[in-house]
Enquirer: 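Got a structure for you, questions after.
Each chain gets a letter, A, B and so on, in the order the sequences are listed, and its residues count up from 1. In this text the structure is predicted, and so the values were computed from the model without any measurement.
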2 protein chains.
Amino acid sequence: MAKGKSLDELTDPVFYILVALVEPRHGYAIMQYVEEETNGMFKIGPATLYTIIKKLVDADLIEAEPDSEPRRKTYVTTAAGISKLEEEIKRRSRMVDLAKEVLQTKGRKGR
Amino acid sequence: MAKGKSLDELTDPVFYILVALVEPRHGYAIMQYVEEETNGMFKIGPATLYTIIKKLVDADLIEAEPDSEPRRKTYVTTAAGISKLEEEIKRRSRMVDLAKEVLQTKGRKGR
DNA sequence: CTCCTTTATATCCGTTTTTGATATATCACT
DNA sequence: AGTGATATATCAAAAACGGATATAAAGGAG
């Protein structure tokens, strides 16, 4: 099954692709989805996209749907992928919370 | 002053280093701080650390304190660095919120 | 029917980022 | 004198990213 390493921290593009694939989508649709959802702030080009898709399939975090049309290869986040995503949400939340806390403390003292 | 490019998205180690330097610290102390705060989950080695410090100084997001002891070079996040950090907190929060929302929607529908 | 744009996947290859290993030196303690 | 922690720094390789390019089919305009 899963052959690749477990990928502890997810990078931004990997995170976005995992999120996009909670709902089944094919590659091109992922690019559009991410661009739309971020209001054009974050764009994933084909090189990054297909490289990461390969890696995620290999890590068993997403999988290809067998019934996809010939011209479109549809993928979905696997159960393992959802778990990983939830884990990553927590990790990122903790990072944000730490930063907020540190800034707040500075604000109180640095007055 | 600032010579480097503005760095739109901050990577994880860059983020942690900026957070650590909201309070003045020297390199080695940054390594310890990040490791402690993340309960050993995230470690920054010397190569990553000093490479990033250089880049951040160049981008004017942190600066060296002139009065630091000979053996310790102390740095602090600049005003620009704080702004960047606040911006990045928002960016990461939006990413987390998007992911939460997507998972929640799936939960409601995927019953 | 032809041209053009959009859709769609895929890879090449250079740049950037990260990191393990290594080097060097000081300091504290025994 | 020796050991471990402190402290900074760089090298060289790996990993990640991304612009450019290639290919091809589908859809619409004229």
Side-chain angles (χ1 to χ4, degrees), chain A residues 3-18 20-21 24-36 38 40-59 61-76 88 95, chain B residues 3-18 20-21 24-36 38 40-59 61-75 88 91 95:
Chain A
K3 291 149 290 180
K5 66 216 71 139
S6 37
L7 312 180
D8 24 350
E9 291 98 20
L10 304 184
T11 60
D12 288 355
V14 173
F15 184 84
Y16 276 124
I17 291 173
L18 263 195
L21 292 180
R25 280 192 174 85
H26 60 273
Y28 195 76
I30 297 172
M31 289 196 263
Q32 295 176 313
Y33 173 79
V34 173
E35 186 164 356
E36 280 164 31
T38 63
M41 298 286 283
F42 201 90
K43 289 174 192 176
I44 298 177
T48 307
L49 181 76
Y50 294 106
T51 304
I52 292 178
I53 283 179
K54 245 180 234 161
K55 192 168 52 178
L56 288 180
V57 167
D58 195 64
L61 297 182
I62 66 171
E63 63 188 355
E65 298 218 302
D67 57 309
S68 48
E69 306 153 52
R71 267 192 81 227
R72 293 172 165 191
K73 282 182 200 161
T74 305
Y75 299 89
V76 208
E88 181 69 10
M95 288 179 76
Chain B
K3 290 148 290 180
K5 64 213 72 137
S6 39
L7 311 179
D8 24 352
E9 291 97 21
L10 303 185
T11 60
D12 288 356
V14 173
F15 184 84
Y16 275 124
I17 290 173
L18 263 195
L21 292 181
R25 276 191 177 86
H26 60 272
Y28 194 77
I30 296 172
M31 290 196 263
Q32 293 176 317
Y33 174 79
V34 173
E35 186 165 354
E36 279 164 33
T38 63
M41 299 286 283
F42 201 89
K43 289 175 194 177
I44 298 177
T48 307
L49 180 78
Y50 294 106
T51 304
I52 293 178
I53 285 180
K54 246 180 232 161
K55 193 167 50 177
L56 288 181
V57 167
D58 195 64
L61 298 182
I62 66 172
E63 62 187 358
E65 298 217 303
D67 57 310
S68 47
E69 305 154 55
R71 265 193 81 225
R72 295 171 163 191
K73 282 183 199 161
T74 306
Y75 298 90
E88 181 69 11
R91 191 185 76 88
M95 288 180 76

Enquirer: Calculate the interatomic distance between B/Tyr16 atom OH and C/dT17 atom C1'; express it in whole Å.
Expert: 17 Å
Enquirer: My understanding is that only residues two or more places apart in sequence, or in another chain, count here; which of them pass side-chain hydrogen bond (donor to acceptor under 3.5 Å, both in side chains) with A/Glu88?
Expert: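 So A/Glu88 forms a side-chain hydrogen bond (donor to acceptor under 3.5 Å, both in side chains) with A/Arg91, A/Arg92.
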Enquirer: In chain order, what residues pass the side-chain hydrogen bond (donor to acceptor under 3.5 Å, both in side chains) check against A/Arg25, with sequence neighbours excluded?
Expert: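 Partners of A/Arg25 by the side-chain hydrogen bond (donor to acceptor under 3.5 Å, both in side chains) criterion come out as none, since no residue qualifies.
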Enquirer: In terms of the nearest nucleotide of DNA chain D, which residue is placed more toward the 5' end: B/Gln32 or B/Lys54?
Expert: B/Gln32
Enquirer: Write down the distance between CZ (A/Phe15) and C1' (D/dA16), rounded to a whole number of angstrom.
Expert: 18 Å
Enquirer: Between B/Leu7 (CG) and C/dT18 (C1'), how many Å, whole number?
Expert: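 Roughly 15 Å, once rounded to whole Å.
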Enquirer: Rounded to whole angstrom units, what separation is found between the NE2 atom of A/His26 and the C1' atom of C/dA10?
Expert: 14 Å
Enquirer: If the cut-off is 4.0 Å, is B/Tyr50 near the phosphate of D/dA9, judged by side-chain N/O to OP1 or OP2?
Expert: no
Enquirer: Round to a whole Å and report the spacing from OH of B/Tyr33 to P of D/dA7.
Expert: 17 Å
Enquirer: Under the criterion ring pair (Phe, Tyr, Trp, His ring centres under 6.0 Å), which of A/Tyr16, A/Tyr33, A/Phe15 is the partner of A/Phe42?
Expert: A/Tyr16
Enquirer: Whole angstrom is fine here: how far is it from NZ in B/Lys73 over to C1' in C/dT24?
Expert: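 For the pair B/Lys73 NZ and C/dT24 C1', the rounded distance is 13 Å.
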Enquirer: Can you find a pair of side-chain heavy atoms, one from A/Ile17 and one from A/Thr48, that are under 4.5 Å apart?
Expert: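 No; the side chains remain at least 4.5 Å from each other.
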Enquirer: Indicate whether OP1 or OP2 belonging to D/dT6 is found under 4.0 Å from a side-chain N or O atom of B/Tyr28.
Expert: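 Answer is yes, contact under 4.0 Å.
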Enquirer: Does the protein touch nucleotides 17-24 of chain D at the base, only the backbone, or not at all? Give it as B, S and - per nucleotide, heavy atoms under 4.0 Å.
Expert: SBBB---B
Enquirer: Nearest whole angstrom, please: distance from the C1' of D/dA7 to the CZ of B/Arg25.
Expert: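 It is 16 Å, rounded to the nearest whole Å.
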Enquirer: Got a second to check how far A/Ile30's CD1 is from A/Ile53's CD1, nearest 0.5 Å?
Expert: 4.5 Å
Enquirer: Quickly work out the B/Ile17 CD1 to C/dT19 C1' distance and round it to whole Å.
Expert: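 Interatomic distance, CD1 of B/Ile17 to C1' of C/dT19: 13 Å.
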Enquirer: With rounding to the nearest 0.5 Å, note down the distance linking CD in B/Glu65 to NE2 in B/His26.
Expert: 12.5 Å
Enquirer: With side chains defined as the heavy atoms from C-beta onward, is the minimum distance between A/Tyr28 and A/Gln32 less than 4.5 Å?
Expert: yes
